[in-house]
Protein chains: 2
Amino acid sequence: MASQRGEGETTTTPAEPADRERARAIPEAAVARLAVYLRVLSGMADQGVTAVSSEELSQAAGVNAAKLRKDLSYIGSYGTRGVGYDVEVLVSHIERILGLTRNHSVAVVGIGNLGHALANYGGFPGRGFPVTALFDVDADLVGIPVGGIPVNHIDDITAVCLEREVSIGVIATPPPAAQSVCDRLVSAGVQCILNFAPVVLQVPDNVEVRKVDLAVEMQILSFHVARRADEAASVSAGIGPAGNNGLGVDGMVIRP
Amino acid sequence: MASQRGEGETTTTPAEPADRERARAIPEAAVARLAVYLRVLSGMADQGVTAVSSEELSQAAGVNAAKLRKDLSYIGSYGTRGVGYDVEVLVSHIERILGLTRNHSVAVVGIGNLGHALANYGGFPGRGFPVTALFDVDADLVGIPVGGIPVNHIDDITAVCLEREVSIGVIATPPPAAQSVCDRLVSAGVQCILNFAPVVLQVPDNVEVRKVDLAVEMQILSFHVARRADEAASVSAGIGPAGNNGLGVDGMVIRP
DNA sequence: TCGACTTTGTGCATCCGTTCACAAGCGGTA
DNA sequence: TACCGCTTGTGAACGGATGCACAAAGTCGA
């Protein structure tokens, strides 16, 4: 019965007691940005950069400098006034807060086009997320290794997930199967789900779902295309505001 | 030079004049939800449902009923008090606002694992987004059809995008190539970009970028795993609040 | 040792989005 | 026709996130 993860909290890093209340207080939007900062910082570290100011980092991450400092302040005060931040220090603290000091075993369900792509990443981008199990309904796929991992039958989800202590389930199935797969993952003790299926999943309160919805993304872009067209029409009709939208097609203006 | 899309605004639907100001006022979050409502409504229509109340629709979409009504109010008043909404009517109005009454030609750049998956969708989920061009740097791939469309060399982006009036560019390249590809798309007149590369793109003001970042999604989930572990530790130590988090592993509790 | 300069961390005002609560409006019924 | 119950649409309160501006705090050079 090795499913209740993180029971003993010996997580390599000292784990200061204040972290608990801190972690609970960090707004979700800030968490997402912290992940971005982490990537930028890692890149800097790889290039030998050892120190960085909030100004530099914020530009590289594409956010406001004040917002960046506020985000960092959620996890503690690790900067030096008049100097900036030590890249290594910041990286390790963000990793700690994001829970990246331990590995998170990932299961991918649905080995179609997308499932293949995900499995072949072999450990998700930005290590620490080893894919340890693959599932599909198709009996012909079972046993065949994809990205080095053999595909299991979907009926074995519970057993396999418990055995391999899967923390994160990725749903890459067709829409009709998604809710059923989700239910099975939940009953296997998986509390975090990344859902690629265009379906609104119903889950218990203690399960965290994040969805990646290509159709929605495309439609948001479509909305902006339409809005642009409308604005252009308004402007050319002399209705619109004196906006500074230079709609030049040939311009390759890159913002500094 | 047929690049300035939507010049004449004969968009099949009457296109009420008030729409312009409306579209500009709709918050982005609401736009994303409208896309979700649209999908749910389409599903209902397929099942022969003709009318729906805000309560029903909001449950199916997993949002607050009041929020749903406010979202719908952004696009106009198309409900009937005491009755609800006509499914067909709502579908057509949401489609109109989202600009789905016309097709949006899509180009996918980077035909690796993900690019393959995207190309093979053959017209993105939820029609209206035909993939009309594929690009890659690899000369070995050029000419080979993927999902029925031959791959072009990346150097031909500008010409091909202009010719096929691409409105939306999808970047599925490795990180180092992303910015360069983005620049080329922009100079080809593409104003909407969906970016799968874990890179912060720099673009001019008139270009809309949406990013899908798997690493960030995973790390947000990781954060929640860590937070859970901390909370569990606090609770078992008698520190935490009397939260109702029944961490039962066997429970398959589906919220109504 | 002292002062000038740089950059962090944060209180505060502002803005945007969510939620509540209720009046307005519509269909059905007597 | 007049009433009743139901559901929409929205004004207003609320809460959370964003951006500003500045004090606190450190480094560097004289």
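Residue numbers begin at 1 in each chain, while the letters A, B, ... track the order of the sequences. Everything numeric here is computed off the predicted structure, so don't read it as measured data. All heavy atoms count here, side chains included; hydrogens, waters and symmetry mates do not.
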In whole angstrom, give the distance that lies between atom CD of Glu55(A) and atom P of dT6(C).
-> 14 Å

Just to confirm, is there a sub-4.0 Å distance from OP1 or OP2 of dG26(D) to any side-chain nitrogen or oxygen of Thr80(A)?
-> no

Ranking Val83(A) and Gly84(B) by the position along DNA chain D of their nearest nucleotide, the one closer to 5' is Gly84(B)

Roughly how many Å is it from CD in Gln59(B) to P in dT7(D), rounded to a whole number?
-> 13 Å

Distance in angstrom units between Tyr78(A) OH and dG26(D) C1', rounded = 18 Å

Compare side-chain N and O positions of Tyr85(B) against OP1 and OP2 of dG9(D) and report whether any pair is under 4.0 Å apart.
-> yes

From dT8(D), dT18(D), dG9(C), nucleotide with atom closest to Arg33(A) side chain = dT18(D)

Between Asp71(B) and Gly79(A), the residue closer to the 5' end of DNA chain C by nearest nucleotide is Gly79(A)

With Ile220(A) as partner, the option from Val31(B), Leu34(B), Leu98(B) fulfilling side chain to side chain contact (heavy atoms under 4.5 Å, CB included) is Val31(B)

Pair His224(B)-Glu28(A), side-chain donor/acceptor within less than 3.5 Å | yes

Choosing from dT8(D), dA12(D), dC12(C), which nucleotide comes nearest the side chain of Lys70(A)?
-> dC12(C)

Starting at CG of Leu90(B) and ending at C1' of dT8(D), how long is that distance when rounded to a whole Å?
-> 12 Å

Hey, does the side chain of Ser53(B) reach the backbone of Glu56(B) with a donor-acceptor pair shorter than 3.5 angstrom?
-> yes

How close or far is atom P of dT10(C) from atom CD1 of Ile75(A), stated in whole angstroms?
-> 12 Å

Side-chain atoms of Arg69(B) come closest, of dT8(D), dA17(D), dT8(C), to dT8(D)

If only side-chain N and O atoms of Asn64(A) are considered, is one of them under 4.0 Å from the OP1 or OP2 phosphate oxygen of dA17(D)?
-> no

Write down the distance between CG (Leu72(A)) and C1' (dT10(C)), rounded to a whole number of angstrom.
-> 13 Å

Nucleotide of dG26(D), dC20(C), dA17(D) approaching Ala66(B) most closely (side-chain heavy atoms) | dC20(C)

With sequence neighbours left out, what residues match Ser105(B) under side-chain hydrogen bond (donor to acceptor under 3.5 Å, both in side chains)?
-> Thr132(B)

Roughly, in whole Å, what's the span from CD1 in Ile26(B) to C1' in dG17(C)?
-> 14 Å

How many Å lie between OH on Tyr74(A) and P on dG9(C), as a whole number?
-> 14 Å

Would you kindly check whether a donor in the side chain of Arg81(B) faces an acceptor in the base of dT7(D), or vice versa, at under 3.5 angstrom?
-> no

State whether Ser54(A) places a side-chain N or O below 4.0 Å from either non-bridging phosphate oxygen (OP1 or OP2) of dT8(C).
-> yes

Answer yes if the side chains of Ser54(A) and Arg69(A) hold a donor-acceptor pair under 3.5 Å, and no otherwise.
-> yes

Any idea which of dT18(D), dC20(C), dG9(C) is nearest the Lys67(A) side chain?
-> dT18(D)

